[in-house]
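Working notes, beginning with the structure itself.
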Amino acid sequence: WPVEREGRTDHLWLSGSYTLSHKIDFNYIVVMLFSLSPTYQTFISYRRKGGKEYAERLYDYLLDKNFSPFYDITGMEAGRFDEQIRLRLINARNYILILSKGALDRVCEPENWVRKEIQLAIENNLNIIVLQETGFVYPDLMPDDIINIKNYQVLEFDSRTFTKQF
């Protein structure tokens, strides 16, 4: 498999193992492989407990309007979960954060995915859209790297009429 890089062609053979005719950075290969995958305009972030149904409905709505949303349930491919999430998020233009009740309850845990996604969206200057369920309350303690999410404009939704709103 020829790979163009810095004006030269490197060859990559993939089977049970791989051989490189020149030294290639493995991260470059990962980016190349993901560049073959579809690009998503919008990354949907949510906590599965309490937010999954909202994410599903929003995904269907955006798809119906000819947007290209990334929703982890339908957009994942074979490979490492963490790398796919990171690459899909930083390559999106828009980041929609669904704040259902309890969505940030575990946000102080360093390995919490909602926290990681918020942090990446802020760091990469994505267009951040916050959808907040009526009655959602931010936790008293929030990590410094994501506390600014409180400063973004919020679109509030009512869980009883959410499906009618979209």
Side-chain angles (χ1 to χ4, degrees), residues 27-166:
N27 289 328
Y28 177 74
I29 295 169
V30 170
V31 170
M32 288 292 293
L33 291 173
F34 278 106
S35 69
L36 302 174
S37 302
T39 303
Y40 299 94
Q41 294 173 328
T42 303
F43 185 99
I44 301 171
S45 179
Y46 65 100
R47 182 169 178 201
R48 288 203 178 162
K49 181 181 178 185
K52 185 177 177 194
E53 96 178 53
Y54 305 128
E56 289 172 349
R57 183 66 188 119
L58 181 61
Y59 170 80
D60 290 340
Y61 175 81
L62 293 173
L63 208 54
D64 187 52
K65 299 294 182 190
N66 295 317
F67 282 89
S68 180
F70 175 79
Y71 170 53
D72 64 343
I73 302 296
T74 61
M76 298 296 283
E77 299 175 3
R80 289 182 48 178
F81 175 83
D82 58 342
E83 277 300 308
Q84 288 187 61
I85 292 292
R86 187 182 72 75
L87 288 171
R88 299 290 191 250
L89 195 150
I90 65 175
N91 288 307
R93 288 185 215 124
N94 305 298
Y95 172 78
I96 298 179
L97 174 61
I98 298 174
L99 293 178
S100 55
K101 293 175 186 165
L104 299 181
D105 286 353
R106 297 182 0 213
V107 79
C108 287
E109 298 172 15
E111 295 303 311
N112 178 267
W113 276 104
V114 174
R115 175 189 178 161
K116 288 180 180 184
E117 292 167 3
I118 294 169
Q119 181 182 12
L120 280 171
I122 291 171
E123 286 175 359
N124 288 279
N125 297 313
L126 299 184
N127 179 36
I128 297 175
I129 301 162
V130 179
L131 297 181
Q132 182 175 300
E133 183 178 11
T134 302
F136 171 84
V137 178
Y138 282 96
D140 292 333
L141 296 174
M142 287 187 61
D144 291 340
D145 57 355
I146 67 163
I147 197 156
N148 286 337
I149 199 67
K150 292 180 174 184
N151 298 330
Y152 285 84
Q153 181 67 32
V154 168
L155 300 172
E156 192 168 280
F157 68 89
D158 185 328
S159 61
R160 295 170 293 169
T161 60
F162 185 80
T163 55
K164 294 175 187 171
Q165 291 170 316
F166 286 99

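Nothing fancy with the numbering, it's 1 onward along the sequence.
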Search all heavy atoms of Ile98 against all heavy atoms of Ala103 and return the closest pair with its distance.
-> O-CB, 4.0 Å

Side chains of [X] and [Y]: does their closest heavy-atom pair fall under 4.5 Å?
{"X": "Leu99", "Y": "Val154", "answer": "no"}
{"X": "Tyr54", "Y": "Leu58", "answer": "no"}
{"X": "Asp60", "Y": "Asp64", "answer": "no"}
{"X": "Gln41", "Y": "Leu62", "answer": "no"}
{"X": "Tyr95", "Y": "Ser45", "answer": "yes"}
{"X": "Arg47", "Y": "Asp105", "answer": "yes"}

State the [atom1]-[atom2] distance between [X] and [Y], to the nearest 0.5 angstrom.
{"X": "Ile118", "Y": "Tyr152", "atom1": "CD1", "atom2": "OH", "value": "10.5 Å"}
{"X": "Ile90", "Y": "Phe43", "atom1": "CD1", "atom2": "CZ", "value": "11.0 Å"}
{"X": "Lys49", "Y": "Ser100", "atom1": "NZ", "atom2": "OG", "value": "10.5 Å"}
{"X": "Glu117", "Y": "Leu97", "atom1": "CD", "atom2": "CG", "value": "8.5 Å"}

List the atom pairs, donor and acceptor, that lie under 3.5 Å between side-chain atoms in residues 122-132 and the rest of the protein, sequence neighbours left out.
unit_1	atom_1	unit_2	atom_2	d
Glu123	OE2	Gln119	NE2	3.2
Asn124	ND2	Leu120	O	2.8
Asn127	ND2	Asn94	OD1	2.9

Can you list every pair that meets salt bridge (Lys or Arg N to Asp or Glu O under 4.0 Å) and has a residue in residues 143-152, with sequence neighbours left out?
-> Arg115-Asp145

Just wondering, are more than 12 heavy atoms of other shown residues or ligands nearer than 6.0 Å to CG in Leu141?
->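 Check fails, neighbour count at 12 or below.
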
Within residues 128-147 or reaching into it, pairs that qualify as ring pair (Phe, Tyr, Trp, His ring centres under 6.0 Å) - sequence neighbours excluded = Phe136-Tyr138

